[in-house]
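Contents: one structure, followed by commentary.
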Protein chains: 2
Amino acid sequence: MARMSPQQRREAIVAATVAVMERRGIAATTVRDVAAELGTSSGLIHHYVDSMDDLLAKAFAQAAGDDFERTRAAVESGADPIERLTLFFATYAPAEDDIGMQLWLDGWAEAARRPALQKTSRHLNVQWHALLAGIIRDGVAMGVMWCDDVDGAAWRILSLLDGLTLQVVAHGAVLSMAQVDAWSRAGAERELGLAPGALAGDGVGMTRDRAYP
Amino acid sequence: MARMSPQQRREAIVAATVAVMERRGIAATTVRDVAAELGTSSGLIHHYVDSMDDLLAKAFAQAAGDDFERTRAAVESGADPIERLTLFFATYAPAEDDIGMQLWLDGWAEAARRPALQKTSRHLNVQWHALLAGIIRDGVAMGVMWCDDVDGAAWRILSLLDGLTLQVVAHGAVLSMAQVDAWSRAGAERELGLAPGALAGDGVGMTRDRAYP
DNA sequence: AACCCTATTGCGCGGTTGTCCAATAGCCCT
DNA sequence: AGGGCTATTGGACAACCGCGCAATAGGGTT
């Protein structure tokens, strides 16, 4: 294989590990699989990585962190809390097509047995909660949302979304992605005292006083 | 080891597999672990079981089915829908101490890659939904609950419970079990138009017109 | 062009896995 | 009491795992 700079090779290894993890699952990902994914020898992996556990933790942090950053960037582009919350749902749902959420599910299950992985998983989840709680706090302060317990509401909305998505990923045809999307938005509307449909749409070009056609 | 009847031995093997699965996780459970658990040789396992996948699927079905039956029995002892729903929360939460819910988490993650396991997981989950939806339907018919979309509400309440419990199992100290219990009941109260605190308590000896001390 | 540093290779090691099988031993029936 | 059915044993087998190491090869520097 072509000789790469250590920095490039490191990134390539992590990227290949993510790809294999998404296909085979975290626990079933092996050094030889990763090596085959990027067409090199297995020995090369250990030249850059201390242990397999480290590699799996790094790869999970990379994939999960990317998911979060994408949603965070989208949310920050929203003009007001309602639009930001709508963007939150719009970017969360479609990304977790099938494969992305499966990785989260694996991560949660493995977290109890791999300390390094649990640490990143917990940290990411707290960030998701903080992002959502920030939107709600702004909305309450601006008088467009109503909620006694912001932190609790954020955890409930997030957990509802996770729980519903879990059904789709783990059980396939029982629930559809469209239902998950609609029901999680409906749950948030109820939680925050919003009118039904207040969080509908993709959030793009949305304004609070826009007339519905 | 003492010679057993095939029926007894089969049950002993499944029970031992459940015990090992709860301790080590589904994916990490080996034939030798199960054999050691019940003090026999590893060869004996394959005399009763076609493959390891089959055994894991059977054991998961047993453990998960027991969980469901326990809650179902408790719910059926309730006098009215409010009491039955309270019993639902009371028996769901404490059972999933740590170890029981970890098994569900493992099962969900493995479901995507083990067809036999996915089938039982999906079937069980539909039963959980049906149990909850039945309670809500009765409550709406009797005029003690208010809900437009019974099936959707049942999925939301169930998924909220799963999602919150997941946080505790996977991430430890981020959320407490008491918060999960309180928040999931609060979510259900909001979802069904009940007064805050309407679903509090353990449901034992509860009556609708009981005066609070 | 010669050289040195290091990215990369290919294989071997010890250990663990699921699966299988001949040999053994315990229980029931006659 | 003896014989047959089968539950049970314990190890062999091939495949796979993470990991380490001597040998090789490629590219920037002098």
Side-chain angles (χ1 to χ4, degrees), chain A residues 1-61 106-107 109-110 113-117, chain B residues 1-61 106-107 109-110 113-117:
Chain A
M1 204 58 190
R3 194 181 169 117
M4 279 189 187
S5 80
Q7 182 63 20
Q8 281 181 323
R9 180 59 77 189
R10 249 177 257 273
E11 291 170 6
I13 288 176
V14 171
T17 307
V18 170
V20 176
M21 274 188 346
E22 286 176 343
R23 197 178 330 127
R24 302 241 200 281
I26 293 181
T29 297
T30 71
V31 178
R32 286 164 178 83
D33 284 340
V34 175
E37 175 74 17
L38 40 72
T40 64
S41 66
S42 69
L44 183 60
I45 310 295
H46 278 96
H47 189 255
Y48 288 97
V49 172
D50 288 339
S51 75
M52 196 57 193
D53 269 24
D54 272 3
L55 179 55
L56 292 177
K58 275 199 183 74
F60 177 78
D106 275 8
E110 288 287 317
R113 288 179 287 272
R114 295 184 199 260
L117 205 145
Chain B
M1 205 55 189
R3 194 181 170 117
M4 280 189 186
S5 79
Q7 182 63 21
Q8 282 180 324
R9 182 58 77 187
R10 251 176 256 272
E11 291 170 7
I13 288 175
V14 171
T17 308
V18 170
V20 176
M21 274 190 344
E22 286 176 343
R23 198 179 328 128
R24 303 240 201 281
I26 293 182
T29 296
T30 71
V31 179
R32 287 163 178 83
D33 284 340
V34 175
E37 175 75 17
L38 40 72
T40 63
S41 67
S42 69
L44 183 62
I45 309 296
H46 277 94
H47 188 256
Y48 289 97
V49 172
D50 288 339
S51 74
M52 196 57 194
D53 268 25
D54 272 3
L55 180 56
L56 292 177
K58 276 199 182 77
F60 177 77
D106 276 6
E110 289 286 319
R113 288 178 288 272
R114 295 185 200 259
L117 204 145

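None of the values given here were measured: they were computed from a predicted structure. In what follows, chains carry the letters A, B, and so on, assigned in the order in which the sequence lines appear, proteins first and then strands, with residues in each chain numbered from 1.
- Atoms CG and CG, from B:Asp33 and B:Leu38 in turn, are 11.0 Å apart once rounded to the nearest 0.5 Å.
- Remark: B:Met52 CE to B:Thr17 OG1 distance equals 6.5 Å, nearest 0.5 Å.
- Listed nucleotides C:dT17, D:dT9, C:dT8 differ in distance to B:Thr30; the shortest reach to its side chain belongs to C:dT17.
- Atoms CG and CG, from B:Leu55 and B:Asp50 in turn, are 10.5 Å apart once rounded to the nearest 0.5 Å.
- For B:Met52, whose side chain is taken as the heavy atoms from C-beta onward, the closest listed nucleotide among C:dT8, C:dG18, D:dA7 is C:dG18.
- In this structure, the nucleotide among C:dG12, D:dT9, C:dT8 sitting nearest to the side chain of A:Arg9 is C:dT8.
- Distance from the side chain of B:Ser42 is smallest to C:dT19 among C:dG12, C:dT19, D:dA7.
- Per the geometry, CG belonging to B:Asp50 stands 15 Å off P belonging to C:dG18, to the nearest Å.
- Summarising the geometry, atom CD1 belonging to A:Ile26 is positioned 7.5 Å from atom CZ belonging to A:Arg114; distances are rounded to the nearest 0.5 Å.
- Residue side chain B:Arg3 reaches the base of D:dT6 through a donor-acceptor N/O pair under 3.5 Å, judged by distance alone.
- Out of D:dT9, C:dT17, C:dT8, the shortest distance to the side chain of A:His47 is found at C:dT8.
- Computed from coordinates, the B:Arg32 CZ to C:dG18 C1' distance equals 7 Å when rounded to whole Å.
- Between B:His46 atom NE2 and D:dT6 atom C1' there is a gap of 19 Å when expressed in whole angstrom units.
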